[in-house]
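Position 1 is the first residue of the sequence, and the numbers go up from there.
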Amino acid sequence: MTQSSSFQNINQPVGVVADIEGVSLTGEDRGFLKQPEISGLIFFARNYESPEQLKALTRELRELRPDLLLTVDQEGGRVQRFREGFTLFEPMLSYEPIYNTAPQQGVELAELAGHLLASELIQHGVDLTYAPVLDIERDLSRVIGDRAFGHSVEAVTELASAWCRGLAKAGMASVGKHFPGHGAVEADSHLELPVDPRAREQLNMDIQPFQSLIARGTLQGLMPAHVVYPAVDPYHTAGFSSLWLRDILRTQIGFTGVIFSDDLSMEGAASGGDFYQRSIAAASAGANALVVCNNRAAATEVVRAVRDLHSHGIEPLSLNNLKPAEEGTCLDEAGKENARQRLAEHQLIRDYTN
């Protein structure tokens, strides 16, 4: 198969989401980020020192590339890149006991937490967090665990929907993960390649929260799992599977938003080949935004792959539609303090003193 023929089934816009090493831009970073193939940037804890430093960094990035989407993994619990100077949220699983005894209260608190988290990010110049986690917790997965909203379809669906409504109040989009569900596999796809051996009927239960939030118009982005599901596609992880992304997610479920690959440098992505090959494989499967982290040499190869795609007529990816909506309203200082007080009353944030 020639290189150009391998591009023929790619008909969606494609771009790159990459990262930087430090707390400010180097000359190398500037040159790298000016490449038009790069559509977004993802921050890590190493990029953060203080609220003032983060505001300065995001201002610098806006001056360099006003169109760049600035993103982070900021869920709460153990996945929270910005800590000092930000509200420290308890893991999302903390909402389930409240929801089980007082559903309306659980939903209201989840929405309030989403509004607070999004307000803090937007006020520091960050556009998007890769959340919510829509995996159903089964007390098995090492990587999901208390990152999930609950142990049932209902709890995950209703609490995550409420949390997303909170994001939307501030103007922030929502990115669901890890489609079609990572909660039933023990292995961590950052380190190894997990396989979920369950039958399609069981997988359909895990898909339900994704399907519900898509039907409600709640999700603007989605990130697939680096997991193999032999009942559907025995040869590819979901992120490299056109069966999962094109046939099921796009055609059957009707998702029209942005598909982010999970980090192409993760061990679970190794089944896709080298970084150039992984990029083409992810795009061929249906991904829009190719995410590559913690490896500038790998990111350079991903950019090269996307440049080749663009040279063959594939549309460049703009992520401007995922930037905070102008009609959103972030909580002011008094509103944030009131939100923290209420969440602290239910042990949903840490290290809070009023």
Next on the checklist: side chain to side chain contact (heavy atoms under 4.5 Å, CB included), that's the test. Do Leu128 and Leu69 meet it? Break it down for me.
Outcome noted: CA-CA 8 Å; Leu128 182 82; Leu69 185 75; 3.8 Å; yes
Next on the checklist: Under the criterion salt bridge (charged side-chain N to carboxylate O under 4.0 Å, His left out), I'd like the reasoning laid out for Arg138 against Asp206: C-alpha separation, chi angles, the key distance, then a yes or no.
Outcome noted: CA-CA 11 Å; Arg138 302 185 186 282; Asp206 286 43; 2.5 Å; yes
Checklist entry - Checking side chain to side chain donor-acceptor pair (under 3.5 Å) for the pair Arg250/Gln12: CA distance, chi angles, key distance, verdict? => result CA-CA 11 Å; Arg250 292 291 194 199; Gln12 77 280 6; over 6 Å; no
Next on the checklist: Go through it in stages, so that I can follow the logic: the residues are Arg198 and Asn204, the test is side chain to side chain donor-acceptor pair (under 3.5 Å), and I'd like the CA-CA distance, side-chain angles, deciding distance and then a yes or no.
Outcome noted: CA-CA 10 Å; Arg198 294 177 301 156; Asn204 286 343; over 6 Å; no
Checklist entry - Stepwise, does the side chain to side chain contact (heavy atoms under 4.5 Å, CB included) test hold for Glu84 with Ser50? => result CA-CA 7 Å; Glu84 186 69 34; Ser50 68; over 6 Å; no
Checklist entry - Hey, mind stepping through Leu61 and Leu33 against side chain to side chain contact (heavy atoms under 4.5 Å, CB included) and telling me if it holds? => result CA-CA 9 Å; Leu61 285 160; Leu33 293 174; 3.7 Å; yes
Next on the checklist: If you apply the rule side chain to side chain contact (heavy atoms under 4.5 Å, CB included), what do you find for Leu159 with Met92, and how did you get there?
Outcome noted: CA-CA 9 Å; Leu159 288 169; Met92 295 299 101; over 6 Å; no
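In this structure, Asp29 contributes its side chain and Thr26 its backbone to a donor-acceptor pair below 3.5 Å. Listed for the Asp263 side chain is a donor-acceptor partner under 3.5 Å among the backbone atoms of Cys293. At least one donor-acceptor pair closer than 3.5 Å links the side chain of Arg46 to the backbone N or O of Ile20. Between the Glu96 side chain and the His151 main chain, a donor and an acceptor come within less than 3.5 Å of each other. Checked by atom type and distance alone, the side chain of Ser261 pairs as donor or acceptor with a backbone atom of Val291 at under 3.5 Å. Listed for the Ser141 side chain is no donor-acceptor partner under 3.5 Å among the backbone atoms of Ala184. In terms of modelled atom types and a separation under 3.5 Å, the side chain of Thr129 and the main chain of Gln74 share a donor-acceptor contact. Using a distance-only test at 3.5 Å, with no hydrogens or angles considered, a donor-acceptor pair links the side chain of Asn288 to the main chain of Ile259. Between the Asn47 side chain and the Phe44 main chain, a donor and an acceptor come within less than 3.5 Å of each other. With hydrogens and angles ignored, the 3.5 Å screen pairs a side-chain donor or acceptor of Gln220 with a backbone N or O of Thr218.
A salt bridge links Glu90 with Arg350: the distance from a Lys NZ or Arg NE/NH1/NH2 to an Asp or Glu carboxylate oxygen falls below 4.0 Å. Ion pairing between Lys55 and Glu60 fails under the 4.0 Å rule for side-chain N and carboxylate O. Ion pair Glu21/Arg296 not flagged as a salt bridge, since none of the NZ, NE, NH1 or NH2 atoms sits closer than 4.0 Å to an Asp/Glu carboxylate oxygen. Ion pairing of Arg340 with Glu120 is present here, as a side-chain N (NZ or NE/NH1/NH2) and a carboxylate O approach within less than 4.0 Å. Residues Glu111 and Lys169 are paired through a salt bridge, judged by an N-O separation under 4.0 Å between the basic side chain and the carboxylate. Between Asp127 and Arg62 a salt bridge is recorded (basic side-chain N to carboxylate O distance below 4.0 Å). The residues Arg342 and Glu345 are annotated as not salt-bridged, no charged nitrogen and carboxylate oxygen being separated by less than 4.0 angstrom.
Inter-residue side-chain proximity for Tyr235 and Leu243 is flagged as unmet; no heavy-atom pair is nearer than 4.5 Å. Phe43 has its side chain within reach of Leu57: a pair of non-hydrogen atoms, C-beta onward, lies under 4.5 Å apart. With a 4.5 Å cut-off on side-chain heavy atoms, Asp135 and Arg147 do not count as touching. Contact annotation: the side chain of Met172 approaches that of Ile122 to within less than 4.5 Å [non-hydrogen atoms, C-beta and beyond]. The side-chain heavy atoms of Val185 and Val195, taken from C-beta on, include no pair separated by under 4.5 Å. Glu158 places a side-chain heavy atom less than 4.5 Å from the side chain of Tyr99. Thr237 places none of its side-chain heavy atoms less than 4.5 Å from the side chain of Tyr229. Contact annotation: the side chain of Ile42 never approaches that of Phe260 to less than 4.5 Å [non-hydrogen atoms, C-beta and beyond].
Neither side chain, Glu37 nor His310, offers a donor N or O lying under 3.5 Å from an acceptor on the other. No side-chain N or O of Asp308 forms a donor-acceptor pair with one of Ser311 less than 3.5 Å apart. Judged by distance alone, the side chains of Ser161 and Arg216 do bring a donor and an acceptor atom under 3.5 Å apart.
To the nearest 0.5 Å, atoms CG (Leu121) and CG (Leu117) are separated by 5.0 Å. A distance of 14.5 Å separates CG of Leu109 from CH2 of Trp163, quoted to the nearest 0.5 Å. Distance check: Leu290 CG to Ile280 CD1 gives 8.0 Å after rounding to the nearest 0.5 Å. Here the CG-CG distance, from Leu309 to Leu317, works out to 11.5 Å after rounding to the nearest 0.5 Å. Taking CZ of Arg246 as the reference point, atom OG1 of Thr251 lies at 9.0 Å (rounded to 0.5 Å). To the nearest 0.5 angstrom, Ile253 atom CD1 is 5.0 Å from Ile214 atom CD1.
Under the 4.5 Å side-chain contact rule for hydrophobic residues, Leu167 and Leu343 share a cluster. Ile136 and Val79 are assigned to two separate hydrophobic clusters, defined by single-linkage of ILVMFWY side chains at heavy-atom distances under 4.5 Å. Note on Val17: it does not cluster hydrophobically with Val72, by side-chain heavy-atom contacts below 4.5 Å among ILVMFWY residues. Taking hydrophobic clusters as Ile, Leu, Val, Met, Phe, Trp and Tyr residues chained together by side-chain heavy-atom distances below 4.5 Å, Phe89 does not share a cluster with Val175.
Between Thr87 and the options Leu348, Ile349, Asp351, a side chain to side chain contact (heavy atoms under 4.5 Å, CB included) holds for only Ile349.
Scored by the side chain to side chain contact (heavy atoms under 4.5 Å, CB included) test, Arg65 finds Ile38, Asp67, Leu68 as partners (sequence neighbours excluded). In terms of the side chain to side chain donor-acceptor pair (under 3.5 Å) criterion, residue partners of Gln104 (sequence neighbours excluded) are, by chain and number, Glu108.
Because its NZ or CZ atom is not both nearer than 6.0 Å to the ring centre of Tyr48 and within 45° of the ring axis, Arg83 does not count as a cation-pi partner of that residue. Geometric assessment of Arg278 against the ring of Phe275 yields a positive cation-pi assignment under the 6.0 Å and 45° thresholds.
Between His178 and His182, the ring planes lie perpendicular to each other; the angle is over 60°, past the 30° to 60° tilted range.
Ring to ring, Tyr95 and His346 are not that close: their centroids are 6.0 angstrom or more apart.
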